[in-house]
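Read the structure below first, then the notes.
By convention in this document, chain letters (A, B, ...) are assigned in the order of the sequence lines, proteins followed by strands, and residues within each chain are numbered from 1. Side-chain atoms are counted along with the backbone in the values below, which use heavy atoms only and exclude waters and symmetry mates.
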There are 2 protein chains.
Amino acid sequence: MRITYKGDYALKALLDLAIHYELGVSTINDIAKRIDAPVKFLEQVLLDLKKGGFVESRRGNVGGYQLAKDPAKITLGQVIRFIDGPIELIACVEKNYSNCADLNRCVFKNIWQKVTKATADIVDNINFAQLVHQVKLKKNGFVYSI
Amino acid sequence: MRITYKGDYALKALLDLAIHYELGVSTINDIAKRIDAPVKFLEQVLLDLKKGGFVESRRGNVGGYQLAKDPAKITLGQVIRFIDGPIELIACVEKNYSNCADLNRCVFKNIWQKVTKATADIVDNINFAQLVHQVKLKKNGFVYSI
DNA sequence: ATTTTGTCTACTATCCCTATAAACATAGTA
DNA sequence: TACTATGTTTATAGGGATAGTAGACAAAAT
């Protein structure tokens, strides 16, 4: 798998919203400015994140976006998989794959599974509360560039 | 990163050549049949592998391909990086990347680096001699489907 | 009513993936 | 020499994904 720009923006937007978790909604424009993303593209990303249940929105004059749940309940792995797809390096070890002649005899499969597990062990054990904490630790003249 | 069909064919072709290491050259057609790959596509893959120094070739009537070095000297990581590019999940942690506003302050960078290391620890420590050995262990009515 | 926001649907340019095709070069063999 | 079996090279093409951009629409507050 590969983290695309879309995935990158999604993670940054969520971290941004996690940092402002207690402060209510942020507008797309504000988020875009803070994380340096193209506004119209970020629109789509946020829409997707809403469909995924990661954020919620309010329209109108004082509208905007905010996290839909506690930052501690959102892991990196959840977001990556939702936006950019499976973390597997190759389709043959993804769930419900049935296109291989004889997968059980394949000496590569075992390797791809190991890599998948190693990656999952990392991204599934980091949540946005931890990230916010790390951001705050970095306050050496912190100017908010994620 | 992602293992493409090209990378998949490259790995299978090299394993095939590693299995036939002592037997001299194999033709593209033979390799293609054994690993079940489209011949014309496999041509390009083998050409690339030759440029990468993994295989060597002989033209003409009794021509074909063979490994350019001891299977034990070829790791999965070398092949993957050469055919499919860097194993990093995202460009910002690749070598010589300089497009980020403030990479040292980015809380994500550390995570991408961990994932990269975990993956590298696996693919850089497996060579084709080991794979051949594993293939031979699987001889329960072995029909040669890698 | 107006303004400020989010929502939705298209559209586009570029690149990458996965081949396929055709012409050519080389090295054995008859 | 002529023929054939191989690898070499370049070009091309369809499909899909990526990374946006544009514009009309809907809702909520004032």
Donor-acceptor pair (no angle test) under 3.5 Å: Glu43(A) side chain, dT5(C) base = no
Between dT7(C), dT20(C), dT21(D), which nucleotide gets closest to the side-chain atoms of Lys40(B)?
-> dT20(C)
Interatomic spacing from CG in Leu17(B) to CG in Leu46(B) - rounded to 0.5 Å = 7.0 Å
Would you kindly compare Asp84(A) and Gly60(B) by the position of their nearest DNA chain D nucleotide and give the one closer to the 5′ end?
-> Gly60(B)
Could you state the CG-P distance from Asn29(B) to dT8(D), rounded to the nearest angstrom?
-> 14 Å
Have a look at Ile28(A) and say if it touches a base, only the backbone sugar-phosphate, or nothing, with a 4.0 Å heavy-atom cut-off.
-> sugar-phosphate
Figure out the CD/P separation between Glu56(A) and dG6(C), and round it to whole Å.
-> 14 Å
May I have the distance from Arg58(A) (atom CZ) to dT7(C) (atom C1'), rounded to whole angstrom?
-> 17 Å
Indicate whether OP1 or OP2 belonging to dC16(C) is found under 4.0 Å from a side-chain N or O atom of Thr4(B).
-> no
Nucleotide nearest Arg59(A) (side chain, heavy atoms from C-beta), chosen from dG6(C), dT6(D), dT18(C) | dG6(C)
What's the closest nucleotide to the Tyr65(A) side chain, out of dT7(C), dT20(C), dG7(D)?
-> dT7(C)
Assign each of Asn61(A) and Gln44(A) the nucleotide of DNA chain C bearing its closest heavy atom; nearer the 5' end lies the nucleotide of Asn61(A)
When the distance from CG of Asp48(A) to P of dG20(D) is rounded to whole Å, what number comes out?
-> 15 Å
Crowding at CG, Asp36(A) (>12 non-hydrogen neighbours, <6.0 Å) | no
Rounded to the nearest 0.5 Å, how far does OG of Ser57(A) lie from NZ of Lys50(A)?
-> 3.0 Å
Ignoring the backbone of Tyr9(A), work out which of dC17(C), dG6(C), dG20(D) is nearest its side chain.
-> dG20(D)
Does NZ in Lys69(B) sit with more than 12 non-hydrogen atoms of other residues, nucleotides or ligands closer than 6.0 Å?
-> yes
Of the nucleotides dA19(C), dT9(D), dT7(C), which one has an atom closest to the side chain of Pro38(B)?
-> dA19(C)
Phe128(B): which of Val135(B), Leu76(B), Ile19(B) passes side chain to side chain contact (heavy atoms under 4.5 Å, CB included) = Leu76(B)
Within this structure, what is the NZ-to-C1' distance between Lys33(B) and dT6(D), rounded to whole angstrom?
-> 14 Å
Distance test, side-chain N/O of Ser57(A) to OP1/OP2 of dT7(C), below 4.0 Å = yes
In whole angstrom, what separates Ile83(A)'s CD1 from dG20(D)'s P?
-> 15 Å
Of the listed dG6(C), dG28(C), dA19(D), the closest approach to the Val62(B) side chain comes from dG28(C)
Using only side-chain N and O atoms of Lys50(A), determine if any of them is under 4.0 Å from OP1 or OP2 of dT7(C).
-> yes
Would you kindly give the CG-to-P distance between Asp36(B) and dT18(C), to the nearest whole Å?
-> 15 Å
Looking at CG of Leu131(B) and NZ of Lys136(B), how far apart are the two atoms once the value is rounded to the nearest 0.5 Å?
-> 12.0 Å
Separation of Lys12(B) atom NZ from dT18(C) atom P, in whole Å?
-> 12 Å
